[in-house]
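What follows is a short report on a single structure.
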Amino acid sequence: MWKGKSKAIISDFEDIHRIITYRHLLSQNLGVKDPLRVVALCDSDAFYAACEQVRLGLDPALPLVVQQWDSLIAVNYPARKYGITRMEKISEAKRKCPELVVVHVATYKEGEAEPSYWENPDTLTHKVSLDHYRRESMKIIQMFKDGLPTAEIEKASIDEAFIDFTRPVRDEILKRYPYLAQVPPDAPNGLDSPLPPPPPICWDNLGTVIPAHPNEEQLDGSSTTEPQEDVGASETGAVDGDDSSTTWHDVALSVAAEFMMNVRHEVYAKLGYTLSAGIARNKFLAKLTASYKKPNNQSVLRDVAIPNYLTPMPFQKIRFLGGKLGKALAQEYDVSTVGDLLTISLDEMQRKFGENSIWVYEILRGIDRSEVKEKSAVNKSMLASKNLLHPVTKPSQGHHWIRVLAAELALRLNEARENIPALWPKTIVLHVRHGYDSSRSKQAAFPFTRNVTVDVIAAAGDKLWKELVGTDSSRSTPISITSVQLSFTGIELAETGQRNIEGFLKARPPVSGDQSSAAAGSTKRKRDEREFSEPPFVQLAAEDVREDVKVSETSARVETSFVCKRCGKRVALSDVDASAEDAIARDMLAALRMEHEDFHFAQELAGQSEDVSAPRKIRPSDTPVTKRKVPKVKEGIARFFTQR
DNA sequence: GGCCCCTAG
DNA sequence: GGCTAGGGGCC
């Protein structure tokens with residue numbers, strides 16, 4: 001029906017045949033409209049597997065997989081030669097390749113300070129940790145930034161980044177071809193005159209150039225095999241027979257390819273990771289181009305090659321069309337390739353799929369206006385989750401997993417704070433999945449605390465848990481919880497009173513009862529190692545876990561209040577909180593103590609005398625999830641400081 | 001701001 | 001399939 005249109009009509013891709021003028025070249029800020037725009041997508045090959053191979057100092061040629069419980073989460077290329085894929089059982093993979101190197105991903109274990117590599121982690125007691133990969137990822141991104149100081153770099157995921165080469169490439173072109181900097185006096189239209197013909201391009205060692213006309217005979221001599229391990233490559237990155245098709249945009253692509261090649265080599269030399277890259281005129285094409293040839297390769301998509309590259313492409317391979325939208329398109333028109341969809345008019349598409357489908361319409365024609373923009377160095381959210389093979393059936397069993405997840409979040413947040421001390425997660429969210437389908441979540445404001453401990457996080461998590469699933473006594477019907485997720489969202493720099501906050505975070509709080517060290521001047525003291533590296537799990541050890549089971553009438557009631565050594569006041573949990581189960585009440589009291597100390601400390605930093613006002617009962621973590629007015633961000637922080 | 005859904009690696 | 005992350009819609 002819609003099929004049969006096998007050949008793209010060149011006019012569908014008109015946008016790519018723009019004449020490049022002096023004005024284009026000499027303008028600095030044309031943004032996504034820049035006809036010389038060059039974007040790359042660079043990703044790491046089988047990243048998790050590569051991380052383990054590098055970490056263990058193994059030969060990269062060995063077949064290696066990363067295991068997570070019974071399945072695989074990464075398969076390196078040597079292992080793929082045996083037909084091993086992800087989504088496969090370990091036993092199956094080993095059968096296919098007996099000498100397979102199998103590395104289990106690092107896990108946290110109860111009672112341990114940090115994640116580590118265990119022989120036989122137990123899914124009942126461990127949770128996996130991807131920390132090592134996150135750190136390695138940051139190293140690679142940092143090398144991109146160092147090696148390409150004028151390029152825009154956007155980390156797109158743990159193993160890939162977009163790089164906008166437009167600026168460095170323009171600079172380089174002007175350097176190599178200085179005559180372009182001046183509009184010749186005899187140019188017919190001044191700045192709007194076309195640039196002179198571009199020089200011929202030698203694509204050797206710049207990667208694989210995707211042929212413009214794949215069916216035609218290709219030239220020899222422009223072979224573009226990789227210098228690194230890619231000896232077997234027979235790809236001939238043939239340029240079209242006649243050089244007349246070469247444009248200045250091709251020159252730009254070739255310069256970018258040169259830069260990309262250099263950076264990839266640097267990363268390999270310094271970190272040991274092989275990368276694949278795609279270089280094209282925009283993000284979407286760069287992404288599609290990167291997959292042209294892997295691993296350890298880079299490919300270049302010239303503008304002339306766009307129509308024939310795109311037309312036969314199954315559109316569900318395109319970013320954002322891989323899901324429901326792509327499926328809906330395929331079903332609506334009973335088609336599968338980009339070429340098939342080119343016959344659908346914009347009107348038609350918008351009628352069926354809404355205004356926004358202009359985006360799809362353009363993408364199919366190689367147009368993508370999205371910008372490469374640097375993401376802030378810090379993640380906006382932090383999630384720790386655990387699927388439960390043995391579903392939780394009683395609300396009281398939740399506390400244990402909340403603690404485990406809280407411990408991971410504490411570790412990760414404090415690690416992030418080593419670089420950026422004023423990092424503050426504004427909200428904490430608990431997701432709980434019941435059975436297979438339904439999943440619900442609750443969130444609450446997270447207190448701004450100097451020392452984010454497991455206790456503080458777990459106390460907040462417990463509260464959310466109570467609202468989400470209730471308590472043993474409040475529930476008569478059995479439950480079946482198959483997954484628990486605890487996350488921070490809205491992680492940002494605490495922006496108000498920056499200096500105060502810095503001081504607040506850096507200095508060690510006065511130890512209760514230790515009056516001598518209570519002076520605010522103690523900031524000069526070396527940062528106590530314990531402040532950030534105190535293993536959150538230490539407190540989660542045996543007695544705490546045991547506490548879960550021995551909630552009996554006979555055991556003495558846990559403390560629900562404490563007397564502050566500094567102000568002499570008794571600070572108590574609210575009645576509701578105090579009535580919680582022991583283990584939970586304990587967390588909440590610990591959190592309260594933390595906040596109370598913060599209060600004193602902040603007061604001192606602000607230079608107040610101690611006796612002016614006894615700290616009121618501070619209860620940020622007490623903030624209910626709904627209804628009650630949550631204080632504005634600034635007030636939240638400002639509460640800790642008096643104005644000067 | 002709170003909660004849900006979609007997408008992707 | 002498990003563990004993350006980001007963005008958008010809707011009230």
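Labels below follow one simple rule: chain letters A, B, ... track the order of the sequence lines, proteins then strands, and each chain is numbered from 1.
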Once each nucleotide of nucleotides 6-11 of chain C is scored for protein heavy atoms under 4.0 Å, what B/S/- sequence comes out, 5' to 3'? SS----

Atom-to-atom span, [atom1] of [X] to [atom2] of [N] - whole angstrom:
X        : N     : atom1 : atom2 : value
A:Leu389 : C:dG2 : CG    : P     : 8 Å
A:Leu464 : B:dG2 : CG    : P     : 10 Å
A:Asp131 : C:dT4 : CG    : C1'   : 12 Å
A:His132 : C:dT4 : NE2   : C1'   : 17 Å
A:Leu411 : C:dT4 : CG    : P     : 12 Å
A:Lys155 : C:dA5 : NZ    : P     : 9 Å
A:His434 : B:dC4 : NE2   : P     : 10 Å
A:Phe47  : C:dT4 : CZ    : P     : 15 Å

Would A:Lys96 pass as a cation-pi partner of A:Tyr82, given that its NZ or CZ must be under 6.0 Å from the six-membered ring centre and within 45 degrees of the axis? no

I want to know whether [X] and [Y] have ring centres closer than 6.0 Å.
X        : Y        : value
A:Phe47  : A:Tyr273 : yes
A:Trp118 : A:His104 : no
A:Phe488 : A:Phe446 : yes

Taking only nitrogen or oxygen atoms into account, show me every contact under 3.5 Å that the protein makes with nucleotides 6-9 of chain B, one pair per line with its distance.
from	atom 1	to	atom 2	distance (Å)
B:dC6	OP1	A:Lys324	NZ	3.0
B:dC6	OP2	A:Lys324	NZ	3.4
B:dT7	OP1	A:Lys324	N	3.3
B:dT7	OP1	A:Leu325	N	3.3
B:dT7	OP2	A:Lys324	N	3.0
B:dA8	OP1	A:Phe320	N	2.5
B:dA8	OP1	A:Leu321	N	3.4
B:dA8	OP1	A:Gly322	N	3.1
B:dA8	OP2	A:Gly323	N	3.4
B:dG9	OP1	A:Lys287	NZ	3.1
B:dG9	O3'	A:Asp159	OD1	2.7
B:dG9	O3'	A:Asp159	OD2	3.3

Look at the aromatic rings of A:His132 and A:Tyr117 and report parallel, tilted or perpendicular, splitting at 30° and 60°. perpendicular

Do A:Arg433 and A:Ile481 come close enough that some side-chain heavy atom pair is under 4.5 Å? no

Evaluate salt bridge (Lys or Arg N to Asp or Glu O under 4.0 Å) for A:Glu492 paired with A:Lys380, printing each intermediate quantity in order. CA-CA 7 Å; A:Glu492 281 176 22; A:Lys380 296 180 190 60; over 6 Å; no

Counting just side-chain N and O atoms, does [X] come under 4.0 Å of either OP1 or OP2 of [N]?
X        : N     : value
A:Lys442 : B:dC3 : yes
A:Ser441 : B:dC4 : yes
A:Asn387 : C:dG1 : no

Using heavy atoms to find the nearest nucleotide of DNA chain C for A:Arg134 and A:Leu72 separately, return the residue whose nucleotide is more 5′. A:Leu72

Decide if atom CZ of A:Arg369 counts as having more than 12 heavy atoms of other residues, nucleotides or ligands within a radius under 6.0 Å. no

Would you name the heavy atoms of A:Arg135 and A:Glu415 that are closest together and state the gap between them? NH1-OE2, 2.8 Å

